[in-house]
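One structure is given here, and the rest of the page talks about it.
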Amino acid sequence: MLTRVKSAVASFMGGIMAGGSNGDNFSGSDLPLKFPYMRPEFLGLSQDEIECSADHIARPILILKETKRLPWATGYAEVINAGKSTLNEDQACCEVVLVKRKAGSSTPGKTPTTKRRSSLPNGEGLGLRESSDSDGLAFHYWALFDGHAGSGAAVVASKLLQHHIVEQLQDVLDVLRNSALLPPTCLGEEPNSSSTPASHRALTRAASLRGAAGAPGSPGTPPPTRFFTEKKVEHESLVIGAMENAFKEMDAQIEREKAVYSISGGCTALVVVFLLGKLYVGNAGDSRAIIIRNGEVVPMSSEFTPESERQRLQFLGYMQPHLLGNEFTHLEFPRRVQRKEVGKRMLYRDFTMSGWAYKTIEDEDLKFPLIYGEGKKARVMATIGVTRGLGDHDLKVHDSNIYIKPFLSCCPEVKVYPLTQYEHGADDVLVMGTDGLWDVLSNEEVSEAVAGFLANCDPDDLHRYTMAAQDLVMRARGVLKDRGWRISNDRLGSGDDISVYIIPLLYGNRQP
């Protein structure tokens, strides 16, 4: 088993470096690509520029050519890796999307209910006021996808995930539109009839009944009293649920279409949605988002790694031991157990424990641990270092029939920031970055770098956020020195793909 695990690590890393002939047909599949490899559409690059950007020696930093291509004067910069994969496996998307009522069945990616609006300067005038005229709602969308074992899944997700979000929001569109115009309340709660408008009471009643199968009577028949004692649901929970379901639908679509298209590997996903005055940050993977407000850091995501999700993974292995293939153990030990230690006592922990305790070593404990290694070297079944994301349906432990996917969740953690409840200055921003940035820079280092750079820029220059993103990528990449990339204090720079958004929060307060 130990030889197999060593081979698994070598094979996985070697496969990433090889990346297939074009980085997308990683498995050597003869199936066509669903979408061709490209860099973010908003960069406006020609094919020659895309090819030049894939220089692993020079590693040129790509930035926006025109500030007005993205809403809110959002800044963006990226750089390719130092040779880990043939192509840049990061992908990005940014749009302003309109959600309309469903007009019949539609297919994600081809639905007429979404409309890209990024051609308007800074995306202004695209809030509730405009969308109300067209009986819909607009939301702003930023996303980063970090691919592994090929860029296929990241490319597909960058094209389609926002449409799955639209489809999910359509189911609660009427409730959300009305909630933006009426006093806040909880769904399922019967408002006080003496103090709440009739239209609001009707909204709550409709929300309680919408989707309830077998509701008695005609649509106009008042429901039984028992419906109003059901669990209260906040309006923002509907948006969170829409995003969670959208991730699951995106993952399911990738799995279905792998039979028709070549969709290589998997990807992490970090998504920000601005809707009705709130930022919803959904993360599945090890990318990260932070808010820098008045010089202070507000974390808006958590990384999902074998270490951070140890108890979830161990619980799954305990409940469904067949997923471990009789070759792994769900228990964790401080080091690899050796046969000579059978019968002796050693520290261990399982899914019920945050601390450590002693147990007597048995033959079963000689199996390879489900989670092995520490920090960035920690791996699930010695294969992959992230535990949430999209794709990876065919990923197996090397030279075995043990699938990794059951342990990899596609469900995001969604955090909410009530943007319009705060006053923001021109230097208050949301920073989104793939792990290539955070591997070498801490939250505090990023905050200091961004704040220091913006302080030296003309506050009326909208290009300042793109220049700040470029500066941040440069700090994480470093400079080529003695055959290696070095950053401050002669530390190793990031050899990974790096993608960064810097989103000024001041513009969110200006949305109608």
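- Sequence neighbours left out, not one pair with a member in residues 446-456 passes side chain to side chain donor-acceptor pair (under 3.5 Å).
- Side-chain polar atoms of His164 and Gln253 form a donor-acceptor pair below 3.5 angstrom.
- Electrostatic pairing of Arg464 and Asp427 counts as a salt bridge here, judged by a charged N lying under 4.0 Å from a carboxylate O.
- A search for ring pair (Phe, Tyr, Trp, His ring centres under 6.0 Å) contacts involving Tyr76 returns Phe42, Tyr501, not counting sequence neighbours.
- Heavy atoms of other residues, nucleotides or ligands lying less than 6.0 angstrom from CG of Asp482 number 12 at most.
- Salt-bridge check for Arg335 with Glu341: passed, with a basic side-chain N closer than 4.0 Å to an acidic carboxylate O.
- In this model, a donor atom of one side chain and an acceptor atom of the other lie less than 3.5 Å apart for Ser499 and Asp90.
- Shown here are the side chain to side chain contact (heavy atoms under 4.5 Å, CB included) partners of Thr387, two or more places apart in sequence or in another chain: Phe304, Pro306, Glu309, Arg312, Leu313, Val380.
- For residues 342-352, the salt bridge (charged side-chain N to carboxylate O under 4.0 Å, His left out) pairs, not counting sequence neighbours, are Glu332-Arg349.
- Qualifying salt bridge (Lys or Arg N to Asp or Glu O under 4.0 Å) partners for Asp428, counting only residues two or more places apart in sequence or in other chains: none.
- Residues satisfying the ring pair (Phe, Tyr, Trp, His ring centres under 6.0 Å) criterion with Tyr318, sequence neighbours excluded, are His330, Phe351.
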Name every donor-acceptor pair, under 3.5 Å, that has one atom in a side chain of residues 287-294 and the other anywhere in the protein, sequence neighbours excluded.
residue, atom, partner, partner atom, Å
Arg288, NE, Glu303, OE1, 3.3
Arg288, NE, Glu303, OE2, 2.8
Arg288, NH1, Asn443, OD1, 2.6
Arg288, NH2, Glu303, OE2, 2.4
Arg293, NH1, Tyr417, OH, 2.8

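- Evaluation of the side chain to side chain contact (heavy atoms under 4.5 Å, CB included) rule for Ala54 yields Ile80 as partners, not counting sequence neighbours.
- Donor-acceptor pairing under 3.5 Å is recorded for the side chains of Asp497 and Asn81.
- Using a cutoff of 4.0 Å between basic side-chain nitrogens and carboxylate oxygens, Arg475 and Asp471 are scored as salt-bridged.
- By the 4.0 Å N-to-carboxylate-O rule, Lys405 lies too far from Asp394 to be salt-bridged with it.
- Applying the side chain to side chain contact (heavy atoms under 4.5 Å, CB included) rule to Val440 yields the partners Ala476, Ile487, Ser494; only residues at least two apart in sequence or on another chain are considered.
- Considering only residues two or more places apart in sequence or on other chains, Lys278 meets the salt bridge (Lys or Arg N to Asp or Glu O under 4.0 Å) condition with Glu236.
- Asn326 and Lys367 share a side-chain donor-acceptor pair at under 3.5 Å.
- No more than 12 heavy-atom neighbours from other residues, nucleotides or ligands sit within 6.0 angstrom of CD on Glu364.
- Listed by first and then second residue, the salt bridge (charged side-chain N to carboxylate O under 4.0 Å, His left out) pairs involving residues 498-507 amount to none (not counting sequence neighbours).
- When the salt bridge (Lys or Arg N to Asp or Glu O under 4.0 Å) test is applied to Asp392, no partner is found at least two apart in sequence or on another chain.
- Remark: of the listed residues Tyr280, Phe274, Trp72, Trp72 is the sole one forming a ring-ring contact (aromatic ring centres under 6.0 Å, His included) with Trp142.
- Heavy-atom neighbours of Glu51 CD from other residues, nucleotides or ligands within 6.0 Å: above the threshold of 12.
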